[in-house]
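Throughout, protein chains are lettered first and strands after them, A, B, ... in sequence-line order, and every chain is numbered starting at 1.
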Amino acid sequence: MPPLPLQSDWAFVVGNLDLLLVGTGVTVALTAASILLGFLLGFPAGAVEVYGRGPLKRAVETAGVVLRGTPLLVIIILLFFGLSVSSSAFVTATIALGLRSAAYQSQIFRGALQSVDEGQLEAARAVGMGRLQAIRSVVVPQALRRSVPGFQNEFTIVLKDTSIAIVIGLGELLTVGQNLYQGGQSTAALEIFLTVSLIYFVLTFVTNRSLDYVDDHFSIPGGERA
Amino acid sequence: MSDDGLSRRQYLSTVGGTAVTVSLAGCFGGGGGGDDGTTEITAGTAPGFPPFEMKQDGELVGFDIDLLEAVVDETDYTLAGWEEFEFKSLIPALTNENIDVVAAGMTINDERDETIDFTDPYYSSNQAIVVREDGDFSPSSLSDLSGRPIGAQKGTTGESTVQSELIEPGNLDESNYNSYGNYVLAVEDLQNGNIDAVVIDEPVAQTFAAQRPVTIAFTYETGENFGFGVRDGDDEFTQALNDGLSTVRDGSTYQDLTNKWFGQQ
């Protein structure tokens with residue numbers, strides 16, 4: 001077996017770090033925008049699935065099933081080439097990732113909302129709160145705290161899935177990396193892949209640690225911590 | 001308040017009015033001229049196909065890039081810019097009007113011709129069979145590839161050659177064919193010994209042979225022609241590109257560009 005070509009082209013990678021950092025910036029912006037869109041749609045969707053009824057609940061559930069069951073690549077291509085929602089690759093990728101993330105996040109929040117003991121809702125009603133107020137003031141604050149671990153997963157998934165936007169030519173991290181070794185100036189394909197992976201790792205590690213901190217800080221005080 | 005004589009109210013109404021004017025202009029502007037003879041077009045390509053198109057230091061460069069820009073310069077159209085896609089996304093991008101012309105070393109063939117139109121050919125190429133430089137495998141015809149693991153890039157004419165000349169006639173087992181997202185990975189796999197040959201357009205093969213420990217074992221004559229891809233029915237634009245192309249070919253530009261991009265091998 002021939003040796004891995006590890007000895008060669010790290011200088012090329014170092015020389016192009018500035019380009020990789022620009023790609024990293026696009027990746028971070030795309031992740032942030034998609035997670036935000038996913039939260040704005042996914043949190044209400046999760047609440048509707050738990051507390052809603054009738055056609056609205058069915059519509060939300062169906063949309064979720066369809067989005068979760070469709071490969072992200074297909075969603076991106078449909079939105080860009082089929083529906084042409086935007087001529088901007090960044091906007092299209094944000095919508096695609098955001099919709100898919102909303103479908104995932106709705107389930108994170110559904111689980112978190114359902115994990116809050118029903119007795120709390122009854123107790124809140126018993127002290128005179130309306131149903132909506134009881135949900136908003138008693139259930140949601142606890143559910144949000146409990147959704148942090150699931151949300152960490154979702155963040156990590158969205159961050160790495162931004163690389164699929166390569167198919168519509170968006171210049172995110174992996175695209176930049178690929179363009180570097182395909183430019184004919186270098187044989188550093190493996191070195192570039194390793195560097196790109198390291199950057200993804202640093203991004204996910206830093207964010208997950210931050211979310212750990214948030215989780216600790218806002219964790220529900222009292223007897224439930226067994 | 002500054003002493004420029006505007007009251008707060010005047011100031012606000014001026015700024016507000018300007019903003020409305022600007023945003024209205026934004027609505028009515030754009031939409032690509034048409035009558036004044038300076039229609040803007042957007043070109044699309046797929047980097048990773050040296051020397052035809054690739055990224056160097058973040059810049060899109062290559063023979064196709066220079067040639068299309070020279071050709072468009074000879075027409076009444078102006079080139080608004082380049083969009084980059086994966087090769088297999090180029091035709092959908094063209095038909096959906098994300099781009100107006102494809103310059104990506106695209107071979108004119110019947111299958112693609114059903115969906116899009118092509119300009120006159122601007123480059124001819126054959127398929128080259130690339131092997132390891134210091135390997136003991138040196139095929140001289142396609143039949144020598146039987147039973148060997150070989151590779152090509154998805155959606156390219158190299159892949160078509162493997163399919164139509166080797167797999168369909170039964171000379172190569174389907175499982176011996178490896179399909180790659182791009183040629184760089186195919187050549188990487190060749191260097192690492194996972195496959196024994198790569199089928200690839202000849203000028204691209206020459207670039208690889210110049211840069212890596214690989215060599216062209218033989219070429220398979222396909223007489224392929226590269227053309228710029230244009231939308232079906234975009235006849236006026238196609239004609240303009242064809243006229244531009246012949247002007248560029250008649251002058252010294254075409255020769256200069258081939259020397260620049262293919263000369264150093």
Side-chain angles (χ1 to χ4, degrees), chain A residues 1-6 8-9 12 15-23 25-26 73-74 76-93 163-172 174-193, chain B residues 30 42 44-62 80 82-99 132 134-135 153 180-194 204 206-208 210-214 261 264:
Chain A
M1 202 188 132
L4 286 173
L6 277 175
S8 47
D9 252 339
F12 178 78
N16 286 288
L17 267 185
D18 52 336
L19 292 173
L20 287 171
L21 285 180
V22 172
V26 175
L73 182 69
V74 174
I76 290 186
I77 287 181
L78 271 182
L79 288 181
F80 197 69
F81 297 125
L83 302 174
S84 299
V85 291
S86 166
S87 60
S88 153
F90 185 87
V91 172
T92 309
S163 62
I164 297 179
I166 202 168
V167 72
I168 50 174
L170 185 63
E172 46 72 58
L174 191 65
T175 312
V176 171
Q178 207 159 316
N179 284 335
L180 281 177
Y181 73 76
Q182 289 178 358
Q185 290 170 306
S186 151
T187 54
L190 202 61
E191 290 86 335
I192 289 170
F193 273 125
Chain B
T42 305
T45 193
F49 200 57
F52 287 92
E53 46 268 329
M54 60 270 190
K55 297 285 279 254
Q56 287 183 347
D57 303 323
E59 297 288 320
L60 187 62
V61 295
W82 289 87
E83 300 271 340
E84 295 160 25
F85 293 93
E86 287 202 310
F87 188 75
K88 58 178 186 273
S89 302
L90 283 168
I91 289 180
L94 182 65
T95 54
N96 285 282
E97 310 196 3
N98 296 97
I99 51 178
R132 279 182 297 280
D134 49 4
Q153 178 177 326
Y180 296 85
N182 61 69
Y183 271 122
V184 182
L185 294 179
V187 173
E188 192 90 0
D189 231 15
L190 175 67
Q191 281 176 243
N192 289 341
N194 295 324
V204 185
Q206 284 164 352
T207 307
F208 281 122
Q211 290 169 344
R212 288 156 173 256
V214 296
W261 293 108
Q264 62 269 54

Which of B:Glu97, B:Lys88, B:Glu86 touches chain A most, by non-hydrogen pairs under 4.5 Å: B:Glu86
Measure across B:Asn182 and A:Tyr181 and return the closest heavy-atom pair with its distance rounded to 0.1 Å. ND2-OH, 3.6 Å
Given a strict heavy-atom distance threshold of 4.5 Å, which part of A:Ile166 is in contact with chain B: side chain, backbone, both, or neither? both
Non-hydrogen side-chain atoms of B:Lys55 and A:Leu19 separated by less than 4.5 Å: no
Going from CG on A:Leu180 to CE on B:Met54, what distance comes out if it is rounded to the nearest 0.5 angstrom? 13.0 Å
Rounded to the nearest 0.5 Å, what separation is found between the CG atom of A:Asn179 and the CD atom of B:Glu53? 11.5 Å
Hey, which of A:Val176, A:Asp18, A:Val167, A:Leu170 has the most heavy atom pairs under 4.5 Å with chain B? A:Val167
d(B:Asn98 CG, A:Ser86 OG) to nearest 0.5 Å is 9.5 Å
Contact between A:Phe81 and B:Thr95 at the side-chain level, heavy atoms closer than 4.5 Å - yes or no? no
For B:Asn194, what residues pass the side chain to side chain donor-acceptor pair (under 3.5 Å) criterion, not counting sequence neighbours? B:Asp189
